[in-house]
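Accompanying notes for the structure given below.
Atoms considered below: every heavy atom in the structure, side chains included; atoms not considered: hydrogens, waters and symmetry mates. Proteins get letters first, then strands, A, B, ... in listed order; numbering begins at 1 in each.
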There are 2 protein chains.
Amino acid sequence: MAQELNERSQNILEAIVEDYISSAEPVGSRAITKRHSFNLSPASVRNVMADLEEMGFLCSPHTSAGRVPTEKGFHYYIDSLLQVRDLSKEEESRLRKNYRFKGMKMEDIMQEVGRVMSGLSNYTGLVMAPKFSSTVFRQIEFVRLSHSRLLVIYVSETGLVQNKVIEGAPELSQHDLEQISNYLNRELNGMSIAEVREKIVQDLRDERSRYDQMRKQALSLSSAALQDEAENLVFVSGTSLMLNQPEFYAPERLKRIIQTLESKKTLIELLDRGQAADGVQIFIGSQSQHAEIEGCSLVTSNFSNKKGAIGTLGVIGPVRMAYSKVIPIVDFTAQLVSRILEREVE
Amino acid sequence: MAQELNERSQNILEAIVEDYISSAEPVGSRAITKRHSFNLSPASVRNVMADLEEMGFLCSPHTSAGRVPTEKGFHYYIDSLLQVRDLSKEEESRLRKNYRFKGMKMEDIMQEVGRVMSGLSNYTGLVMAPKFSSTVFRQIEFVRLSHSRLLVIYVSETGLVQNKVIEGAPELSQHDLEQISNYLNRELNGMSIAEVREKIVQDLRDERSRYDQMRKQALSLSSAALQDEAENLVFVSGTSLMLNQPEFYAPERLKRIIQTLESKKTLIELLDRGQAADGVQIFIGSQSQHAEIEGCSLVTSNFSNKKGAIGTLGVIGPVRMAYSKVIPIVDFTAQLVSRILEREVE
DNA sequence: TGTTAGCACTCAGTCAAGCCGAGTGCTAAC
DNA sequence: GTTAGCACTCGGCTTGACTGAGTGCTAACA
């Protein structure tokens with residue numbers, strides 16, 4: 001896979017990819033020699049381009065139309081040619097100025113992060129909040145809504161609030177509920193939801209719970225409340241920016257993409273895959289293995305706190321994405337959000 | 001405005017509007033005589049069409065292109081020609097089958113309502129939850145997130161959960177907070193948020209609060225918590241369905257529309273206007289007075305419970321909307337949601 | 001007097017032909 | 001190894017002819 005290219009070929013491939021990124025049009029040999037000063041004639045560039053095409057880095061949509069980088073070409077560009085420099089202090093602080101989180105609850109922060117990332121990059125922003133089960137339990141409250149309906153509210157350590165309605169349990173009074181929540185708040189303090197789930201299963205098997213009525217009720221309530229809880233919260237910002245991309249200007253395609261952004265199911269799968277590894281991840285085109293976002297690339301990074309709550313954020317756009325601009329933005333934002341989760345920044 | 005039309009003109013106008021709704025193409029005289037059996041020749045229809053055009057109900061995009069209803073034409077159609085029959089029992093129950101709300105929390109119900117409405121109508125669904133200030137207070141809880149940050153959670157009587165982070169108040173212990181929430185839960189029970197706000201202002205002026213420390217703290221905390229709280233929750237479903245409409249297939253237009261659906265600000269204004277009156281409201285095209293959704297119509301209806309919490313839901317699509325199908329859907333859904341708010345249906 | 005057949009006219013859309021220009025590959029000279 | 005030159009390709013644009021859907025007008029008809 002990691003074919004060797006001599007320096008000239010590398011330079012020309014890089015030039016083609018960058019010109020294509022900014023123009024969305026096939027790049028011709030003359031255009032290259034004009035925009036970049038290689039001291040080479042178009043004819044020589046053509047020779048190199050022919051080689052690159054043979055190696056599979058480029059392809060031409062038709063005989064007389066210049067070349068377009070293939071996915072392989074983009075891969076090579078990203079892996080070997082693209083130099084992402086870290087942001088300078090000034091750039092960082094300029095970026096940081098876009099973010100205002102003071103006094104925001106968790107969902108709003110996630111929303112806002114997506115919005116800003118999208119605004120800075122000019123592509124669609126995605127944020128997946130930490131899986132609920134990976135967050136650390138902070139507090140649970142019960143509110144009786146009606147005779148048979150009970151609202152359960154959990155708060156995670158990071159301030160993420162989840163709530164759920166459960167049916168049944170009409171016999172418990174507000175007083176009982178308070179006792180139960182006090183008990184649970186004491187018992188479960190500092191555990192992750194995943195651990196809480198485990199503990200509940202164990203405790204329910206435990207001998208003691210057969211005799212301690214309150215304990216038993218508490219466990220079965222929280223068990224019901226934790227069942228099939230929506231695991232993922234995904235925030236999408238800047239859907240309309242997809243319309244800036246000329247390559248998406250086909251009715252059916254656009255519809256599929258917008259549907260995908262709307263339904264969030266595919267997005268969760270995509271972001272989950274990004275979560276497998278650390279640092280900035282890049283999925284180019286077909287790598288994503290989702291036909292509905294064919295022609296899209298995804299740049300993601302994880303954010304987390306020390307307690308193991310992991311979320312993922314990123315940017316989705318055309319394969320022809322301005323990676324050199326997007327990567328530092330995603331990288332920086334992920335770090336920033338991690339610090340927010342740790343409450344080092346407010 | 002309410003011009004008189006003889007029966008023949010009415011029939012022809014109705015036929016044109018309906019043909020145009022289903023085809024999105026200008027309607028010609030021959031097409032009319034073919035699809036509907038008026039026992040009239042195309043030539044006679046043309047005479048009538050010319051009159052209708054002169055009166056402003058129709059217009060022709062160009063000399064040889066059939067006629068398209070104007071907004072005025074649509075108005076007349078809706079006001080005088082369209083007969084919306086109520087749903088039959090069977091239809092109702094068929095519609096009802098699409099909805100499953102059991103065990104859902106309020107936000108999810110709102111989401112789901114939008115989704116189903118959109119799916120049934122094939123247009124984009126909008127739901128605006130009752131203004132927070134119009135909901136009835138049920139319970140308030142405080143959770144300390146960090147030294148200086150406090151999470152406030154309110155639950156409304158309908159089970160709507162709102163939360164907010166407030167800064168400051170580091171001196172209050174968890175015990176203090178419990179006392180305060182107990183106090184507030186007792187004092188504010190059954191009041192609407194608007195009333196709560198009023199009460200807080202009055203009470204803070206009240207002599208007693210100067211001497212009662214806890215009372216004072218409680219009041220100032222809840223005052224901070226209620227300040228500039230996001231009033232409106234809007235749910236949009238089926239954005240991608242906008243792409244089904246051929247008339248929106250222009251880059252800039254589509255972008256504006258999707259942006260509008262995304263930012264929600266304009267939507268709130270629109271839905272607020274719908275809230276002014278009871279029953280199904282219809283805003284046709286320029287009536288909405290928002291250039292960014294030029295060419296769109298909006299069908300809305302309010303839902304509410306007896307305690308005065310009012311929300312609005314509806315459907316947005318092209319002016320050329322299948323009103324006869326949409327209106328009963330919106331109407332029925334609004335009634336259904338009202339009943340859910342009253343907890344007559346679960 | 002209202003209805004309709006007939007006719008001339010208009011105009012968007014389609015299709016083919018032709019031109020243009022951007023781009024290529026090959027070859028021969030430097 | 002580089003490059004100038006040249007023949008060739010092919011998509012995109014323009015042009016013009018044609019088609020068909022539709023109109024308005026007029027004159028004849030019931």
Side-chain angles (χ1 to χ4, degrees), chain A residues 5-13 15-20 22-70 73 246-247 249-251, chain B residues 4-13 15-20 22-70 73 246-247 249-250:
Chain A
L5 289 183
N6 61 37
E7 203 185 324
R8 175 188 292 184
S9 306
Q10 289 193 347
N11 287 339
I12 289 177
L13 179 55
I16 292 172
V17 171
E18 285 173 0
D19 281 14
Y20 182 66
S22 66
S23 75
E25 306 261 287
V27 186
S29 55
R30 226 173 76 89
I32 290 278
T33 55
K34 272 199 171 172
R35 254 191 300 273
H36 310 258
S37 43
F38 291 137
N39 292 326
L40 280 182
S41 77
S44 309
V45 172
R46 279 207 287 281
N47 290 332
V48 177
M49 282 163 90
D51 296 345
L52 288 171
E53 178 160 1
E54 206 173 343
M55 286 187 272
F57 293 113
L58 301 178
C59 66
S60 28
H62 59 85
T63 336
S64 64
R67 256 80 168 199
V68 170
T70 59
E247 51 262 70
Y249 235 86
Chain B
E4 276 311 309
L5 289 183
N6 60 38
E7 203 184 323
R8 174 186 293 182
S9 306
Q10 290 193 347
N11 288 338
I12 288 178
L13 178 55
I16 292 173
V17 171
E18 287 174 359
D19 282 12
Y20 181 65
S22 66
S23 74
E25 307 261 284
V27 184
S29 55
R30 227 173 74 90
I32 289 279
T33 54
K34 272 199 172 171
R35 252 190 302 271
H36 310 255
S37 44
F38 292 137
N39 293 325
L40 280 182
S41 76
S44 309
V45 172
R46 280 206 286 281
N47 290 331
V48 177
M49 283 164 91
D51 295 346
L52 287 170
E53 178 160 5
E54 205 173 344
M55 286 187 272
F57 293 114
L58 300 177
C59 67
S60 28
H62 59 86
T63 338
S64 65
R67 255 77 168 206
V68 170
T70 58
E247 51 262 70
Y249 236 88

Tell me, do [X] and [Y] make a side-chain contact under 4.5 Å, heavy atoms counted?
X       : Y       : value
B:Pro69 : B:Ile16 : yes
A:Leu13 : A:Leu58 : yes
A:Ile32 : A:Phe38 : yes
A:Arg8  : A:Leu40 : yes
B:Met55 : B:Leu52 : yes

Would you name the heavy atoms of [X] and [Y] that are closest together and state the gap between them?
X       : Y       : result
B:Gly28 : B:Met49 : C-CE, 4.3 Å
B:Arg67 : B:Ala50 : NH2-CA, 3.7 Å
A:Ser60 : A:Gly66 : CB-O, 3.4 Å

| Can you give one letter per nucleotide of nucleotides 9-17 of chain D, 5' to 3': B if a protein heavy atom sits under 4.0 Å from the base, S if only from the sugar-phosphate, - if neither? | BBS------

| request: State which residues pass side-chain hydrogen bond (donor to acceptor under 3.5 Å, both in side chains) with B:Ser22; sequence neighbours excluded, sorted by chain then number. | output: none

| query | For B:Thr70, which residues count as a side-chain hydrogen bond (donor to acceptor under 3.5 Å, both in side chains) partner, sequence neighbours excluded? | reply | none

| task | Rounding to 10 degrees, work out the angle separating the end axes of the helix from C:dT1-D:dA30 to C:dC30-D:dG1 (five pairs an end). | result | 20°

| Along DNA chain C, first and last positions that approach a heavy atom of chain B under 4.0 Å | C:dT3 to C:dA12

| request: Please tell me which of A:Ala43 and B:Ala43 maps to the more 5' nucleotide of DNA chain D, matching each residue to the nucleotide holding its nearest heavy atom. | output: A:Ala43

| Does the side chain of A:Asn47 pick up a donor-acceptor pair with the side chain of A:Ser44 at under 3.5 Å? | no

| Can you tell me how far C1' of D:dG22 sits from CD of B:Glu53, to the nearest Å? | 12 Å

| message | What residues from residues 23-32 of chain B pass a heavy-atom cutoff of under 4.0 Å to DNA chain C? | response | none

